[in-house]
There are 2 protein chains.
Amino acid sequence: MERMTRQKRAVLHALAHSGRSLHPAEIQSLAQEEVPTLNLSTVYRQLKALVGEQRIHKVELPGQPARFEAADVRSPSARADTHNDTHHHHFHCVLCEQVFPIQGCPGHMERFAPKGFQVESHDLTLHGRCANCAPRSQPAAR
Amino acid sequence: MERMTRQKRAVLHALAHSGRSLHPAEIQSLAQEEVPTLNLSTVYRQLKALVGEQRIHKVELPGQPARFEAADVRSPSARADTHNDTHHHHFHCVLCEQVFPIQGCPGHMERFAPKGFQVESHDLTLHGRCANCAPRSQPAAR
DNA sequence: GTATATGCAAACCCTTTGCACATCT
DNA sequence: AGATGTGCAAAGGGTTTGCATATAC
């Protein structure tokens, strides 16, 4: 999957312009504005290839189907001059079901591992309401 | 699902005796020692019922099929006199694929949420090697 | 006896795969 | 042409559901 086909470009564009994690089906819909015949299998194949190329990341949240995000996503609150964190976690809005990248990490996970267990990585997911879905707060202009 | 059938008891026993989270299929195998004809659909139906009754909890880890655990599981390192924590996280062994409850929690998750986002809950999963699978450490007697 | 749970098969969702056709070089 | 990617349809896991039969109360 090293050729830059119209379908591959369309998948990449969909992810690059969204700023958040998308399901394969969402990616298909968005990318079909560029390539209307784009098949879901092709989306899956390109996603796997792009993950291999490190151009995108697979985001797996508890109990949810896999999502994908551009390799350079930033939190909505990240400043432009912030260095490009590859390690980050996610916020899952329980109302609109969107998933946003977040900055920061509690760190030092070894402290929570039972004796003799070796920690290699970790995942943290926050669940709640995003700025648009939070009650009585001004919905962010969008 | 309020009747105490042989199948319900078998599902409950399987979870109560394991000390860790199990997949529906694992639960079925274990419970079939008690009720050999136990069907997977019945396992799913009973699991749903038991979750409703708060007798067990559903454990969802990123990218993995759902597991279930008895409502009173403890970390392998937990002392018997420790109070019964309902809030806990999980350690997922990347080698044997077993999932263990762990104690402790970084807390204060709001600090990681972007402005305007409201945190309602969170999940933390550690990935690595359990005591039995850790390299060059004495495998724990089991 | 009657309501409810079980087993079995079919169906569902998400994801992967086989294969013939299309596309890129 | 030759290699690689695409679309389509079928298949594969995990989970749910409809329905006739078996079981608990």
Side-chain angles (χ1 to χ4, degrees), chain A residues 1-15 21-53 55-69 90 92 97-99 125, chain B residues 1-15 20-53 55-69 90 92 97-99 123 125:
Chain A
M1 306 292 276
E2 39 201 35
R3 289 181 186 168
M4 180 50 70
T5 60
R6 297 178 306 132
Q7 317 29 15
K8 183 171 191 171
R9 191 166 13 247
V11 166
L12 221 28
H13 285 172
L15 286 168
S21 313
L22 305 175
H23 309 109
E26 285 180 297
I27 296 171
Q28 182 189 27
S29 305
L30 290 172
Q32 281 183 335
E33 293 174 16
E34 222 169 304
V35 181
T37 65
L38 178 61
N39 191 277
L40 231 203
S41 327
T42 300
V43 172
Y44 275 102
R45 283 189 276 237
Q46 287 299 353
L47 289 173
K48 181 168 293 187
L50 290 167
V51 167
E53 298 169 24
R55 308 253 262 147
I56 67 176
H57 296 307
K58 188 172 193 171
V59 177
E60 309 194 287
L61 304 192
Q64 307 234 139
R67 288 175 164 84
F68 295 82
E69 65 187 13
H90 296 88
H92 167 234
E97 292 291 317
Q98 292 191 5
V99 170
T125 309
Chain B
M1 306 293 277
E2 41 202 31
R3 288 182 186 169
M4 180 50 68
T5 60
R6 296 178 307 133
Q7 341 350 40
K8 183 170 191 169
R9 191 168 11 247
V11 166
L12 222 28
H13 285 171
L15 286 168
R20 57 185 180 86
S21 313
L22 305 174
H23 310 107
E26 285 179 297
I27 296 170
Q28 183 190 25
S29 305
L30 290 173
Q32 281 182 335
E33 294 173 17
E34 219 170 305
V35 182
T37 65
L38 178 61
N39 191 276
L40 232 205
S41 328
T42 300
V43 171
Y44 275 102
R45 283 189 278 236
Q46 287 299 353
L47 288 173
K48 182 170 293 187
L50 290 167
V51 167
E53 296 169 25
R55 309 251 261 147
I56 66 176
H57 296 307
K58 188 173 193 171
V59 177
E60 310 194 287
L61 304 193
Q64 307 236 139
R67 289 173 165 85
F68 295 83
E69 64 187 14
H90 296 87
H92 166 234
E97 291 291 318
Q98 291 192 5
V99 171
D123 291 308
T125 309

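All of these numbers come straight from a predicted model, not from anything done at the bench. Lettering follows sequence order; numbering is per chain, from 1.
Counting to the nearest Å, the C1' atom of C:dG7 and the CD atom of B:Q32 are 12 Å from each other. At whole-Å resolution of the value, CZ in A:R67 and C1' in C:dT15 are 16 Å apart. Rounded to an integer number of Å, the gap from CD of A:Q7 to C1' of D:dG5 is 8 Å. Look at OH on A:Y44: it is 18 Å from P on D:dA9, rounded to the nearest Å. Whole-Å rounding puts the A:R45 CZ to C:dC14 P distance at 19 Å. Following rounding to the nearest Å, B:L47 (CG) and C:dA5 (C1') show an atom-to-atom distance of 15 Å. Atom CE of A:M4 is separated from atom C1' of D:dA3 by 18 Å (rounded to the nearest Å). Here the C1' atom of nucleotide C:dT6 and the CD atom of B:Q46 are 9 Å apart, to the nearest Å.
OP1 or OP2 of D:dG7 has not a single side-chain nitrogen or oxygen of A:S41 nearer than 4.0 Å. An OP1 or OP2 oxygen of C:dT6 is reached within less than 4.0 angstrom by no side-chain nitrogen or oxygen of B:N39. B:K48 has a side-chain polar atom (N or O) that falls below the 4.0 Å cut-off from OP1 or OP2 of D:dT16.
Residue whose closest nucleotide on DNA chain C sits further toward the 5' end, between A:K58 and B:T42: B:T42. Each of B:R3 and B:T37 was assigned the nucleotide of DNA chain C with the nearest heavy atom; the assignment lying further toward the 5' end belongs to B:R3.
With a 4.5 Å cut-off on side-chain heavy atoms, B:E26 and B:R20 count as touching. The side-chain heavy atoms of A:Q64 and A:E97, taken from C-beta on, include a pair separated by under 4.5 Å. Side-chain contact between B:L15 and B:L47 is present, with heavy atoms from C-beta onward closer than 4.5 Å.
If you check every strand for non-hydrogen atoms under 4.0 Å, B:A25 touches nothing. Among the heavy atoms of the strands lying under 4.0 Å from B:T5 are primed sugar atoms or P, OP1, OP2 only; no base atom is included.
Of all the heavy atoms in A:P24 and A:A66, the pair that sits closest is CD-O, 3.4 Å.
Side chains of A:H92 and A:Q98: no donor on one and acceptor on the other come within 3.5 Å.
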